[in-house]
Amino acid sequence: MLPGIARETFAAHGAWLQPHYWLAPTNRLVFTMQLFVLKARDRVIVIDTGVGNHKARRADAQNMLNTPMEDWLRGIGAAPRA
């Protein structure tokens with residue numbers, strides 16, 4: 001994700017990066033792409049953080065993601081309305 005940053009830079013900050021943001025044994029960063037679902041009485045509110053599917057990104061592993069987000073929402077009773 002950040003190929004220009006040396007492993008030593010991450011290691012210098014390992015105390016707060018590990019294990020939630022950097023996996024030292026594999027030198028991998030951990031990124032979270034999420035949205036939030038709030039249920040209030042009879043309403044479901046979805047807060048989209050804007051980092052989801054179908055977006056061009058430089059990192060191959062994240063480029064043009066196509067996760068089953070609508071299926072996940074449906075599975076928790078928060079299906080999108082047509």
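Because only heavy atoms are used, hydrogens play no part in the values below, and waters and symmetry mates are left out as well, while side chains stay in. Numbers here are sequence positions counted from 1.
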Looking at NE2 of His13 and OH of Tyr21, how far apart are the two atoms once the value is rounded to the nearest 0.5 Å? 14.5 Å
Between Leu65 and Arg57, is the side-chain contact (heavy atoms from CB on, under 4.5 Å) condition met? List the steps. CA-CA 9 Å; Leu65 287 176; Arg57 295 183 178 90; 4.0 Å; yes
Within this structure, what is the CG-CD1 distance for the pair Asp71 and Ile76, rounded to the nearest 0.5 Å? 12.0 Å
Is the number of heavy atoms from other residues, nucleotides or ligands under 6.0 Å of His20 NE2 greater than 12? no
Given the rule that I, L, V, M, F, W and Y join up when any side-chain heavy atoms are under 4.5 Å apart, are Leu29 and Ile5 in one cluster? yes
Heavy atoms of Ala56 and Asn63 approach each other most closely as CA-OD1, 3.1 Å
Tightest non-hydrogen contact, residues Glu70 and Pro80, listed as CG-CG, 3.9 Å
Taking the side chain as C-beta and beyond, is there a heavy-atom pair between Leu73 and Leu35 under 4.5 Å? yes
Tell me whether the count of non-hydrogen atoms from other residues, nucleotides or ligands lying under 6.0 Å of CZ in Arg28 goes above 12. no
Applying the 4.5 Å side-chain criterion to the ILVMFWY set and letting contacts propagate, would Phe10 and Trp16 be lumped into a single cluster? yes
Euclidean distance, Arg74 CZ relative to Met69 CE, rounded to 0.5 Å: 9.5 Å
Would you confirm whether Lys55, through its side chain, and Gly50, through its main-chain N or O, come within 3.5 Å as a donor-acceptor pair? yes
Working to the nearest 0.5 angstrom, can you tell me the gap between Met33 CE and Thr49 OG1? 9.0 Å
Are Phe31 and Leu23 grouped together when hydrophobic residues (ILVMFWY) are joined by side-chain heavy atoms under 4.5 angstrom apart? no
Taking every non-hydrogen atom, the tightest pair across Ala78 and Val37: CB-CG1, 4.1 Å
Would the distance check show the side chain of Arg7 and the main-chain N or O of Ala24 forming a donor-acceptor pair, the cut-off being under 3.5 Å? yes
NE2 (His54) and OG1 (Thr67) are apart, to the nearest 0.5 Å, by 7.5 Å
Can you get from Ile45 to Phe36 by hopping between Ile, Leu, Val, Met, Phe, Trp and Tyr side chains that sit under 4.5 Å apart? yes
